[in-house]
Visitor: 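Okay, here's the structure, questions in a sec.
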Amino acid sequence: MSAKIIDGKEFAANVRAQVAKHVTRLKNDHDITPGLAVVLVGEDPASQVYVRNKHKSTIEVGMNSFEHRLDADTSEVDLLALIDQLNNDPSVHGILCQLPLPEHLNEELVINSIIPEKDVDGFHISNVGLLGTGQRSMVPCTPLGCLMMLRDHHGSLSGLNAVVVGRSNIVGKPMANLLLKDSCTVTIAHSRTKDIESICRAADIVVAAVGRPEMITGDWIGEGATVIDVGINRIPHPEKEGKSKLVGDVHFESAAAKAGAITPVPGGVGPMTIACLLANTLTACSRANGLDEPEGLTA
Ligand code: NDP
C-alpha cells in the first residue's frame with residue numbers, strides 16, 4: 001500500500017489563512033485585534049528562533065504580537081509581576097512563556113500564574129483538568145494540530161482504535177485525552193509497555209511522541225493505519241559527512257509502505273504547532289469577548 005502523505009505545511013498554511021480571515025472579521029465587525037504576548041527569559045538559541053517565528057506568524061495573520069525578552073538572571077518575582085501585568089491587560093488575549101526557563105525559575109509556578117483563559121499553550125493545571133474531564137479548555141498546540149489532521153483525514157474518529165506512544169504532559173497525555181473526547185478507544189504506550197509492537201499493529205491510528213529517532217518501523221504498523229509522527233530528532237546525515245538531518249520517531253519509508261496515511265518529518269506535525277498557537281489565541285480572544293468560537297479551529 002502506498003500511503004497518503006499528510007502535508008502539514010499545506011495544512012498549517014490553511015489554518016493560518018482561516019485564522020487571518022477571522023482576525024479581519026473581528027477587526028472590521030467588532031474593532032477587536034487579538035493579541036499574543038510571548039515571554040522569553042534568557043538567550044537559549046533554539047528558544048530565540050521559536051520566539052522569532054511566533055512573532056512573525058502572529059503579525060502575518062493580523063494579530064498584535066507583544067514580545068517580552070528578559071535577562072537570564074531575571075528573578076521569579078519580576079517574571080511573575082510581568083505575567084500579572086499581562087493577565088490584566090485587555091489587549092493581551094494569549095500569553096506564552098517560552099520553555100525551558102532558566103533553572104532558578106519554577107516552571108510549574110510560572111505556568112500556573114498565567115490565567116487559564118489566556119494560557120494558549122494549554123499547560124495550566126486548570127486547563128489540564130478541564131481537558132481531562134472533557135470540558136472546554138485551552139488545548140496544547142501540538143496535540144491540537146494532530147487532532148485537526150486526523151479529523152480532516154478520517155472525518156469522524158468515533159470508535160477507532162488509537163495508540164499514543166509517549167505519555168508526556170505536553171504531547172502524549174493531552175493527545176490521548178483529545179482522542180478519547182472524539183470517542184476513540186485509546187491506548188497510551190510508554191517505555192514500560194509490554195509488546196508495544198503488536199499494540200501498535202492493532203491500531204487504526206498511531207501517534208508517535210517518543211523522542212527516539214525512527215523507533216517505530218513498518219512492522220509496527222497495521223495495513224492502512226494512519227500514522228502521526230510528532231517526533232523531531234536531529235541525527236548525523238547518513239550520506240553527507242559532518243551534516244545532520246531531521247527525522248521523526250517513525251521510520252518513514254517502511255511505515256509509509258504499510259500505512260494508509262502518514263505525516264512526514266519535517267513538514268508534518270511541526271508546522272501545525274505555531275498555526276494552532278494562533279488558533280488558540282483567536283479562540284481565547286473570541287471567548288474573552290463573548291463571541292462564537294472559530295469553527296474547526298478548536299478541539
Ligand atoms: P518526552 O521525552 O517528554 O516524552 C517521551 C515519552 O516517550 C515518554 O512518555 C517516554 O516514556 C516514552 N518513551 C521513551 N522511550 C520509549 C520507548 N523505547 N518505548 C516507548 N515509549 C518510550 O518527549 P515529548 O513528549 O516532549 O516529545 C516527544 C517528541 O516529540 C520529541 O521528539 C520532541 O522533539 C517532539 N515534539 C515535537 C513537537 C512539534 O511541534 N512537532 C512539539 C513537542 C515535542 P516514559 O514516560 O515511560 O519515560
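For ligands, and for the atoms within them, numbers begin at 1 and follow the listed sequence. Computed from a prediction, not measured in an experiment: that's the story for all the values here.
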Visitor: Are the charged groups of Arg69 and Glu67 less than 4.0 angstrom apart, N to O?
Guide: yes
Visitor: Regarding atom 44 (C) of ligand 1: of the candidates Val171, Val164, Val265, which has the closest heavy atom?
Guide: Val171
Visitor: What I want to find out is whether Glu197 reaches Arg201 closely enough, with some N-O distance under 4.0 Å, to be called a salt bridge.
Guide: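 Looking at Arg201 together with Glu197, the answer is no, because their closest N to O distance does not fall below 4.0 Å.
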Visitor: Provide the number and element of each atom of ligand 1 under 4.0 Å from a heavy atom of Ile170.
Guide: 26 (O)
Visitor: Residue-level breakdown please: for Ile232 versus ligand 1, do any non-hydrogen atoms fall below 4.0 Å on the side chain, on the backbone, on both, or on neither?
Guide: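 Under 4.0 Å from ligand 1, Ile232 contributes backbone and side-chain atoms.
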Visitor: Pick one of side chain, backbone, both or neither for how Thr193 approaches ligand 1, counting any non-hydrogen atom pair under 4.0 Å.
Guide: neither
Visitor: Which ligand 1 atoms does Ile196 reach within 4.0 Å, using its non-hydrogen atoms?
Guide: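 Answer for ligand 1: 20 (C).
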Visitor: How far is atom 9 (O) of ligand 1 from the closest protein heavy atom, and which atom is that?
Guide: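 Checking every protein heavy atom, the shortest distance to atom 9 (O) of ligand 1 gives Arg167 N, 2.8 Å.
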Visitor: List ligand 1 atoms under 4.0 Å from Gly166, heavy atoms only on the residue side.
Guide: 6 (C), 7 (O), 9 (O)
Visitor: What residue and atom, counting heavy atoms only, is the protein's closest point to atom 4 (O) of ligand 1, and at what distance?
Guide: Ser168 CB, 3.8 Å
Visitor: Looking at Asn233, which atoms of ligand 1 are within less than 4.0 Å of one of its heavy atoms?
Guide: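 Once the distances to Asn233 are compared, the set is 32 (O).
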Visitor: Say whether Val269 and Ile170 are linked into one hydrophobic cluster, either directly or through other cluster members, by side-chain heavy-atom distances under 4.5 angstrom.
Guide: yes
Visitor: Heavy-atom distances under 4.0 Å decide this one: backbone, side chain, both or neither, for Val230 against ligand 1?
Guide: both
